[in-house]
2 protein chains.
Amino acid sequence: MVKLKDIADVAGVSIGTVSKALSNSHEISIKVTKKIHKIAREMGYIANSQARSLKTNRSYNIGVVYIDKSKAGLKHEYFSTMLSSIQETLRIKGYDFTFISNLVGTTKHTLLSHARYRRCDGVIIATADYDDPEIHQLMASDMKVVTIDHDFPNRTAIMSDNNIGLGKIVDYIYKLGHTKIAFIHGEMTQVTKDRLESFKTACQRLNIDIPQAYIKQADYHLPKQSGIATRELLSLDEKPTCIIYPDDYSFMGGMTEIEKHGLSIPNDISVVGYDGIYLSRILRPTLTTYVQNSEEIGKQAALKLINHIENPKEFISERITITGKLQKGHTVKDIKNTF
Amino acid sequence: MVKLKDIADVAGVSIGTVSKALSNSHEISIKVTKKIHKIAREMGYIANSQARSLKTNRSYNIGVVYIDKSKAGLKHEYFSTMLSSIQETLRIKGYDFTFISNLVGTTKHTLLSHARYRRCDGVIIATADYDDPEIHQLMASDMKVVTIDHDFPNRTAIMSDNNIGLGKIVDYIYKLGHTKIAFIHGEMTQVTKDRLESFKTACQRLNIDIPQAYIKQADYHLPKQSGIATRELLSLDEKPTCIIYPDDYSFMGGMTEIEKHGLSIPNDISVVGYDGIYLSRILRPTLTTYVQNSEEIGKQAALKLINHIENPKEFISERITITGKLQKGHTVKDIKNTF
DNA sequence: TTGTACGCGTTATCAA
DNA sequence: TTGATAACGCGTACAA
């Protein structure tokens, strides 16, 4: 690997001059700068990020925590889109990223020590179990962190609008005449609590009474569980006229079950999803769902973190909510005038 | 950040002793070693990977090339599963990874220079445009590389069994009486060529004549395109009795189109997918598809690369094929005895 | 405008 | 068994 010294020897200047010239320092004459750039190019010089980092205390490397118990992680379009967006944003800004985990190997690491070991300039927590002590150790440290869909004191958080999404859904389906609304929600995370809250608030506001049997739980992204919940709902004496699913993917499990019962969407029963995955626009009828702007969420997380890193003095923690929008597909029937 | 020197001062030994003790060198007495470990723990010492790497010329960081023109990249379950598996395997072995791209930032990079800049010990090419000159630059270098689903001379390649998958599919559906078989294949990559070859060979062997109109192209993972191809196939005078799709996800586009024509799967028309995504087992009827073992592919790629890195002397390039298996779902009708 | 020299935190070699 | 010291490649304060 050719290094500064090699270039210096060829150019007949000192190693310091080369370093300055390559970073286009105004200290060096344009003539010498050009010459050194040329030689460096010809010799195939590539800087050593590690040596640079050692000196500057900046790695231009961001740690990303992306831990998902269910192992669905990357398969979940909400997260994979977000991750793509994070990567692309970081890339444009000249940053790389490393997945941070409890690294096994020669040394066992915690999330924090792993991030420190790699000298990450900062960390984005895309998804994780926020009760994990390792997360708290990380949040309690001086590491610069941005969290997604969960907020910690004095930390910047990028949130999807879980506090209003279900409200918008309920408003819409109520306008189409539905009052027997079932809600299958995901496992009890902060996100789920927000959505449930949003759901209940909207129902109260509209004076809709939701029996306990209409509220079910099925883990996110596990269509089988949503299928089971659907079956239970369909076996009730008083069936709901509309079922809201934890996410679009889970809806697939419900769809299968609904068809098995010989029912048709939306004529016999209406359904609503959450996320707005690509497939929701491909299937016919197109799914009515709440589209989360995961791309923007990822982008903002990356930008806010970089800003914190590059302008530490100006840092003030923020709580940014990225709003989504209702995709009015064709899976909710207008039953207002049908009675 | 506490460093070796800090520990040395506290322990009253030299910095070299601390370094050796922490790596459990036999040069250092057990007593001193224990003491130093204890102090290090108490002081919260975390090594600096960059300084270490500078000295050892090993970064324990693997570059992963994961470039997808269609941007579906992470959303494609075949690749996302593979990537998860790569990450998990690397993690257990004590390696991190960095996505390698034509990094923009202060300096523009090629894939190779990016990998060198980060001092990657090796690179896994998970998916990329193999015609890209940057890929060839990378392959022509002395960087240790393992490729997936594409092989280069003197390089280890992990391949899915694209050369036999379609043969197995054709054998199966032929046994159920199908001879009017349409094949919608993906865009023309090496993978596609292998599959097409496998398809044609099997048809010839079984004396099945496939009219040109039965061979269609639709980009992978774009259900809309497969939907269009399906529509064209269904409008033929002599409709196929079975359609093979580029992948399970693309099948969704076909399914929608088939239902729009008032046809039912598999009674009116049979279908087969490729990949074996999770959803293929959720939908009813369960999809008949060829399951690629993407988890094993990712694992082997990581293991082979690490082996090359850690035992460079013993390296011999290999071409490893990971076999998949036919998932016999319920989307292919037995029409053998129906005539 | 250019050069010199030191230090970033390690590991490795050699001497004690 | 331990210590002193020289690298690794780069950036930078200071000297020339």
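In what follows, every chain begins at residue 1, and chains take the letters A, B, ... in the order their sequences are listed.
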Rounded distance in Å - [atom1] ([X]) to [atom2] ([N]):
{"X": "A/Asn57", "N": "D/dT12", "atom1": "CG", "atom2": "P", "value": "12 Å"}
{"X": "B/Ile28", "N": "D/dT2", "atom1": "CD1", "atom2": "P", "value": "5 Å"}
{"X": "A/Tyr60", "N": "D/dC10", "atom1": "OH", "atom2": "C1'", "value": "15 Å"}
{"X": "B/Leu4", "N": "D/dT2", "atom1": "CG", "atom2": "C1'", "value": "15 Å"}
{"X": "A/Ile7", "N": "D/dG9", "atom1": "CD1", "atom2": "C1'", "value": "12 Å"}
{"X": "A/Lys35", "N": "C/dT1", "atom1": "NZ", "atom2": "P", "value": "16 Å"}
{"X": "A/Lys5", "N": "D/dG11", "atom1": "NZ", "atom2": "C1'", "value": "17 Å"}
{"X": "B/Leu22", "N": "C/dG9", "atom1": "CG", "atom2": "C1'", "value": "13 Å"}

Would you give me the side-chain donor-acceptor pairs under 3.5 Å for residues 28-39 of chain B, sequence neighbours excluded?
residue: B/Ser29; atom: OG; partner: B/Val32; partner atom: N; Å: 3.3
residue: B/Thr33; atom: OG1; partner: B/Ser29; partner atom: O; Å: 2.8
residue: B/Lys35; atom: NZ; partner: B/Ala11; partner atom: O; Å: 3.2
residue: B/His37; atom: NE2; partner: B/Ala21; partner atom: O; Å: 3.2
residue: B/His37; atom: NE2; partner: B/Asn24; partner atom: OD1; Å: 3.0
residue: B/Lys38; atom: NZ; partner: B/Glu42; partner atom: OE2; Å: 3.2

For DNA chain D, find the residues of residues 110-122 of chain A with a heavy-atom distance under 4.0 Å and give them by number; none if there aren't any.
-> none

Heavy atom of residues 38-53 of chain A under 4.0 Å from DNA chain D: which residues?
-> A/Tyr45, A/Ala47, A/Asn48, A/Ala51, A/Arg52

Please list all pairs passing the ring-ring contact (aromatic ring centres under 6.0 Å, His included) test where one or both residues lie in residues 298-318 of chain B, with sequence neighbours left out.
-> B/His308-B/Phe315

Taking only residues two or more places apart in sequence, or in another chain, which ones meet A/Tyr60 in a ring-ring contact (aromatic ring centres under 6.0 Å, His included)?
-> A/Tyr95

For [X], what residues pass the side chain to side chain donor-acceptor pair (under 3.5 Å) criterion, not counting sequence neighbours?
{"X": "B/Asp151", "answer": "B/Arg319"}
{"X": "A/Tyr45", "answer": "none"}
{"X": "B/Asn102", "answer": "B/Glu134"}

Applying side-chain contact (heavy atoms from CB on, under 4.5 Å), name anything that partners A/Ser294, two or more places apart in sequence or on another chain.
-> A/Tyr78, A/Thr81, A/Met82

OP1 or OP2 of C/dT2 less than 4.0 angstrom from a side-chain nitrogen or oxygen of A/Ser29, does that happen here?
-> yes

Think B/Ser19 has a side-chain N or O under 4.0 angstrom from the OP1 or OP2 of C/dT10?
-> no

Between the protein and nucleotides 13-16 of chain C, which nitrogen or oxygen pairs come in under 3.5 angstrom?
residue: C/dT13; atom: O4; partner: B/Lys20; partner atom: NZ; Å: 3.3

Under 3.5 Å side-chain donor-acceptor pair for A/Ser59 and B/Gln50 = no

Relative to each other, are the rings of A/Phe99 and A/Phe97 parallel, tilted or perpendicular (30° and 60° limits)?
-> perpendicular

Does A/Ser19 use its side chain to pair, donor to acceptor, with the backbone of A/Ile15 at less than 3.5 Å?
-> no

Using side-chain heavy atoms (C-beta onward) and a distance below 4.5 Å, is [X] in contact with [Y]?
{"X": "A/Asp96", "Y": "A/Thr98", "value": "no"}
{"X": "B/Leu138", "Y": "B/Ile125", "value": "yes"}
{"X": "A/Lys3", "Y": "A/Asn48", "value": "no"}
{"X": "B/Asp121", "Y": "B/Ile306", "value": "no"}

Starting at the 5' end of DNA chain D, which residue's closest nucleotide do you reach first, B/Gly12 or A/Ser23?
-> B/Gly12

Identify, between B/Leu54 and B/Thr17, the residue whose nearest nucleotide on DNA chain D lies closer to the 5' end.
-> B/Thr17

B/Lys5 NZ: over 12 foreign heavy atoms closer than 6.0 Å | no

Between the first and last five pairs of the helix from C/dT1-D/dA16 to C/dA16-D/dT1, the angle of the axes, rounded to 10 degrees | 40°

Pick out which of B/Asn307, B/Leu303, B/Ile309 makes a side chain to side chain contact (heavy atoms under 4.5 Å, CB included) with B/Lys93.
-> B/Leu303

How is B/Thr56 classified with respect to the nucleic acid when contacts are heavy atoms under 4.0 Å: base, sugar-phosphate, or nothing?
-> sugar-phosphate

Quick one: which of D/dT2, D/dG3, D/dG11 gets closest to the side chain of B/Ser14?
-> D/dG3

Any N/O pairs under 3.5 Å between the protein and nucleotides 5-7 of chain D? List them or say none.
residue: D/dA7; atom: N3; partner: B/Lys55; partner atom: NZ; Å: 2.9

Note: A/Asp142-A/Arg116 ion pair, threshold 4.0 Å (strictly below) | yes

